[in-house]
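Read the structure below first, then the notes.
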Amino acid sequence: MSSIFSTAPMDTARVFELTPDEQSDLTKLLHKQYPRLSADSRYLHKLREQEVKRSLETNDYLVLSVQQRMLTLQFPHLFLITDSSGMVLYVNGSEQVVKKAGGFQICTGSSFALEHAGLNAVSASIELHRPSIVCGEEHSLKILNEWNSCCTPIAGKDRAISGFLVVFTDMTFDCSVLINLLGYISSVVGHDILEKTDDDINLDQLLNPFQLTNREKEVMRYWFLDYDYKQIGQLLKMSPATVKVNVTNVYNKMNVNSKASFILKVLGII
């Protein structure tokens, strides 16, 4: 699958920073359509549980495909996968950065759409239909002003946007490196989506051989996608303790003792 990133020199990624005119147009759009959004908000907006659950179920293949191609980044960062509307599907990154982001409610189900989070790399990519870099105080929300954000769309069938890959870093890091990396991953994942058919094996099918109950399958589908006890409990309206019991029961059925060995067994590697 061809990609604008595959032959572009590293420094050409600078073209994805917003121009003054683009910043001005997006700011005017924000103020006109969403005048009540406060730059001083301490938390990112989180969507309703049913919306979150529906999007997670619809986009599990997208998340799985990205996870299979993720690289370990050796610098402080926050990595996100969002759906086509800007809702967060998956969170990863440096432990301290993930913890700090969680304090601002940047988590599964939170929204980076213009109406909820103002100007940021995700909302810019949604509105401009291209990769975007937003730096420091260009972000509308003050809680994001310490970071640079980089975002690339993932194009699926009929070139429709299936989701977005996002990285937040501190302002000293060269975003041109990231935008090229994200572009490469998004092009590969986009190819996966184009190749996917209705007959492809999904996560539920991978779990079928292990004779799990329907409830255990529900829990383990999110466990496989790297959600924690609390996040799964919120989605399935269970206590974290009950989620943990289900995970333990499945581990016993599958004869594994960690998330890593569980994932490897589901994938047929061990």
Could you check whether [Y] and [X], counting side-chain N and O atoms only, form a donor-acceptor pair closer than 3.5 Å?
{"X": "Ser258", "Y": "Ser261", "result": "yes"}
{"X": "Tyr61", "Y": "Asn59", "result": "no"}
{"X": "Lys265", "Y": "Asn255", "result": "no"}
{"X": "Thr172", "Y": "Asp170", "result": "yes"}
{"X": "Thr242", "Y": "Ser239", "result": "yes"}
{"X": "Ser55", "Y": "Asp83", "result": "yes"}

Heavy-atom pair of closest approach, residues [X] and [Y]:
{"X": "Glu137", "Y": "Asn145", "answer": "CA-ND2, 3.6 Å"}
{"X": "Val134", "Y": "Ala124", "answer": "CG2-CB, 4.4 Å"}
{"X": "Cys107", "Y": "Val88", "answer": "O-CB, 3.3 Å"}

Centroid-centroid distance, Phe112 to Phe168, less than 6.0 Å: yes
Working for side chain to side chain donor-acceptor pair (under 3.5 Å), residues His45 and Ser110: CA-CA 6 Å; His45 176 81; Ser110 55; over 6 Å; no
Side-chain touch Met220/Tyr251, heavy atoms, less than 4.5 angstrom: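 In contact.
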Just distance, no hydrogens or angles: give the donor-acceptor pairs under 3.5 Å from side chains in residues 24-35, sequence neighbours left out.
unit_1	atom_1	unit_2	atom_2	d
Thr27	OG1	Gln23	O	2.7

Pairs meeting criterion salt bridge (charged side-chain N to carboxylate O under 4.0 Å, His left out) with involvement of residues 94-113, two or more places apart: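 Every pair satisfying salt bridge (charged side-chain N to carboxylate O under 4.0 Å, His left out) with a residue in residues 94-113: Lys100-Glu146.
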Mutual orientation of the aromatic rings belonging to Trp147 and Phe104 [parallel < 30°, tilted 30-60°, perpendicular > 60°]: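 The rings of Trp147 and Phe104 stand perpendicular, inter-plane angle above 60°.
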